[in-house]
Amino acid sequence: MTTAVDTLTDALTRWLPRQRWYAAKDRTPDLVHVDRVTTLLDGDPTLLHVLVSVDGERYQLLLGRRASLPAALADAAILDTPDGVVYAATHDGELMSRLLGRLHGAVDGPVFEPEPGARIAFDLPARVVGVEQSNTSLIFGDRYILKLFRRVLPGAHPDVELHRALHSVGARHVARMLGTITTRVDGVPAALGILQEFLPDAQDGWTLATTDRAAFGDEATALGRALATVHTALACAFGPRNIAVNDLSDTADRLRRWFAALADVIPELAPHGPALRAAYDRLRDARGPFTLQRVHGDLHLGQALRAGGRWTLIDFEGEPGRPLAERNAARHPLQDVATMLRSFDYAAHHGGASDTAWAQRMRDAFCAGYAEVLADPRDQPVLLHAFELDKAVYEVAYERAHRPDWVGIPLGAITRILGTAS
Ligand SMILES: Nc1ncnc2c1ncn2[C@@H]1O[C@H](COP(=O)(O)OP(=O)(O)O)[C@@H](O)[C@H]1O
Ligand SMILES: O=P(O)(O)O[C@H]1O[C@H](CO)[C@@H](O[C@H]2O[C@H](CO)[C@@H](O)[C@H](O)[C@H]2O)[C@H](O)[C@H]1O
């Protein structure tokens, strides 16, 4: 492909802010540097794997080029360079169906490796998942789903590490892991993607809860049971790395630090400082023993799929807005419970509604399901309040960056939770 790296760099500077997965999309990047281009297919069509640094953060891209563009290519997918049109190849089904079979052999390039015992069929028809989220996912022949991590971070990737560990203990309520795409950056291994079994006809919890709130009660109980089952499996899989503590003062300190960092840049948070710090201090005073362990880390209704009469939890990546070391750390498991409770609040306020009674019923139903397997989360109100507040603080930052119209949901929750916590 003849596109020179500097014309690609200019085009990317204009194109990146238009991509949903680009974290700082509210502004044009200052410094874009193309770090590595691996040619996966040469000629017509051409398929390139590109590592690019944007203001110091590394991302991966798949770029395509052909004599005639694929039909119905979204405007946002097109990168107009002076050397011709290049496009986000994830929107080109034919190119993507050839992707997995091309990921081998390039020195330092991306490599696909099946998990032990997994037999992968290549060249299946491919399509991109409609909704772009933090990452980009591709479905192959309704059999596999490949998530391409947009941010490339050296070191152990929680989605890969946790799915592999859960698989090793035969965990239920998770999708089978089939393979990974990895590479080396700066001499360190980095995960680029995870291939898993695709659950056809799955409906995610957010869609189910917001389409028919009335019918969701039993589902919430089953979801609570599923989470407690996954927590049990994670505790078992990472047993030697679980941490017994007598108090949660380190956790309280971490929540305080996180709030302080965000309150410096988000003026709406500052007035809540004293009450939030008091809630985190109550967490510090709670007496254990407690066990910290690996957890999901970003559980919400969109991360739970209902398929084949059961819940499957997906996306064990942790919150994309937090550093990898934090996301890989042992946590109190009620953190996952609290983030799901936040999700019921979101669903209750979705589309201008304000059904807080429904959110309360779902909280009770979910906690009751969890309590069928592990201790009842409602017996730890101080922990739940602190973790819900921490998540709501994160959500304020998330919504400001991605969906400013939604920022009222977490801000309203902070006020409400603080009003009931004292
Ligand atoms: N195993 C699966 N089977 C069916 N659909 C899935 C599966 N895993 C993910 N999905 C779908 O793909 C979407 C994106 O997956 P997710 O892991 O949440 O990616 P992201 O990190 O981009 O949010 C999900 O919302 C879900 O609809
Ligand atoms: O799914 P991701 O891993 O990309 O998670 C991020 O995006 C989520 C939104 O898609 C965000 O979740 C927030 O909004 C949800 C409704 O869309 C709601 O159910 C969640 O409770 C709320 O936190 C998540 O925080 C963010 O990390």
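Note that the numbering runs from 1 along the sequence shown for the chain. What you see is a predicted model; the values in this text were computed from it and never measured. Just follow the structure's listing: the first ligand is 1, and inside any ligand the first atom is 1.
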Exercise. Going by the atom numbers of ligand 1, which of them fall below 4.0 Å from some non-hydrogen atom of Lys147?
Worked result: 16 (P), 17 (O), 19 (O), 21 (O)
For this session: Assess the pair His300 and Tyr346: is the distance between their ring centroids shorter than 6.0 Å?
Result: no
Exercise. Counting only heavy atoms not in Glu113, do more than 12 sit closer than 6.0 Å to its CD atom?
Worked result: no
Exercise. Is a side-chain donor or acceptor of Glu317 paired with a backbone partner of His157 at a separation under 3.5 angstrom?
Worked result: no
Exercise. Against heavy atoms of Ala175, which atoms of ligand 1 measure under 4.0 Å?
Worked result: 1 (N)
Exercise. What is the nearest protein non-hydrogen atom to atom 26 (C) of ligand 2, stated with its residue, atom name and distance?
Worked result: Tyr398 CE1, 3.6 Å
For this session: List every atom of ligand 1 that sits less than 4.0 Å from any heavy atom of Glu317, numbering the atoms from 1 in the order shown and giving each element.
Result: 21 (O)
Exercise. How far is atom 17 (O) of ligand 2 from its nearest protein heavy atom, and which residue and atom name does that atom have?
Worked result: Arg403 NH1, 3.1 Å
Exercise. Given the side-chain rings of Tyr398 and Trp406, with only the six-membered ring counted for Trp, is the space between their centroids under 6.0 Å?
Worked result: no
Seminar exercise, completed: Nearest non-hydrogen protein atom to atom 19 (O) of ligand 2, with distance, is Ser343 OG, 2.6 Å
Exercise. In terms of atom number and element, which parts of ligand 1 are under 4.0 angstrom from non-hydrogen atoms of Phe198?
Worked result: 3 (N), 4 (C), 5 (N)
Problem set entry | Protein contact to atom 25 (O) of ligand 2 [nearest heavy atom, distance to 0.1 Å] | Lys391 NZ, 3.2 Å
Exercise. Taking everything shown except Asp212 itself, do over 12 heavy atoms lie less than 6.0 Å from its CG?
Worked result: yes
Problem set entry | Numbered atoms and elements of ligand 2 in range of Asp315, under 4.0 angstrom, heavy atoms | 3 (O)
Exercise. Considering only protein heavy atoms, which is closest to atom 22 (C) of ligand 2, and at what distance to one decimal place?
Worked result: Glu395 OE2, 3.4 Å
Exercise. Which of the atoms in ligand 1, numbered in the order shown and given with their element, are less than 4.0 Å from a heavy-atom of Glu197?
Worked result: 1 (N), 2 (C)
For this session: Can you pull out the closest protein heavy atom to atom 5 (O) of ligand 2? Residue, atom name and distance to 0.1 Å, please.
Result: Asp298 OD2, 3.0 Å
For this session: From atom 24 (C) of ligand 1, work out which of Ile314, Asn135, Asp204 has a heavy atom at the shortest distance.
Result: Ile314
For this session: Give a yes or no on whether a salt bridge exists between Arg400 and Glu395, defined as a side-chain N under 4.0 angstrom from a carboxylate O.
Result: no
Problem set entry | Protein heavy atom at shortest distance from atom 4 (O) of ligand 2 | Ser134 OG, 2.5 Å
Problem set entry | Any N/O pair Thr136/ligand 1 closer than 3.5 Å | no
For this session: Please lay out, stage by stage, how Asn242 and Gln293 fare under the test side chain to side chain donor-acceptor pair (under 3.5 Å).
Result: CA-CA 5 Å; Asn242 297 342; Gln293 62 163 89; 5.6 Å; no
For this session: Please determine if Arg143 forms a cation-pi arrangement with Phe198, meaning its NZ or CZ atom is less than 6.0 Å from the six-membered ring centre and no more than 45° off the ring axis.
Result: no
Exercise. Of the choices Trp21, Tyr394, Trp406, which has the non-hydrogen atom that lies closest to atom 27 (O) of ligand 2?
Worked result: Tyr394
Exercise. Is the backbone of Gln203 close enough, under 3.5 Å, to the side chain of Thr207 for a donor and an acceptor to pair up by distance?
Worked result: no
Exercise. Aromatic rings Trp21 and Tyr59: how do their planes relate, parallel, tilted or perpendicular, breaks at 30° and 60°?
Worked result: tilted
Exercise. Does the ring centre of Trp206 sit less than 6.0 Å away from the ring centre of His350?
Worked result: yes
For this session: Output the list of atoms in ligand 1 that are nearer than 4.0 Å to some heavy atom of Gln303, sorted by atom number.
Result: 18 (O)
Exercise. How far is atom 20 (C) of ligand 2 from its nearest protein heavy atom, and which residue and atom is that?
Worked result: His300 CB, 3.6 Å
Exercise. For the residue pair Phe316 and His296, does the interplanar ring angle fall in the parallel (under 30°), tilted (30 to 60°) or perpendicular (over 60°) class?
Worked result: tilted
For this session: Check if His402 has a non-hydrogen atom at a distance under 4.0 Å from any atom of ligand 2.
Result: no
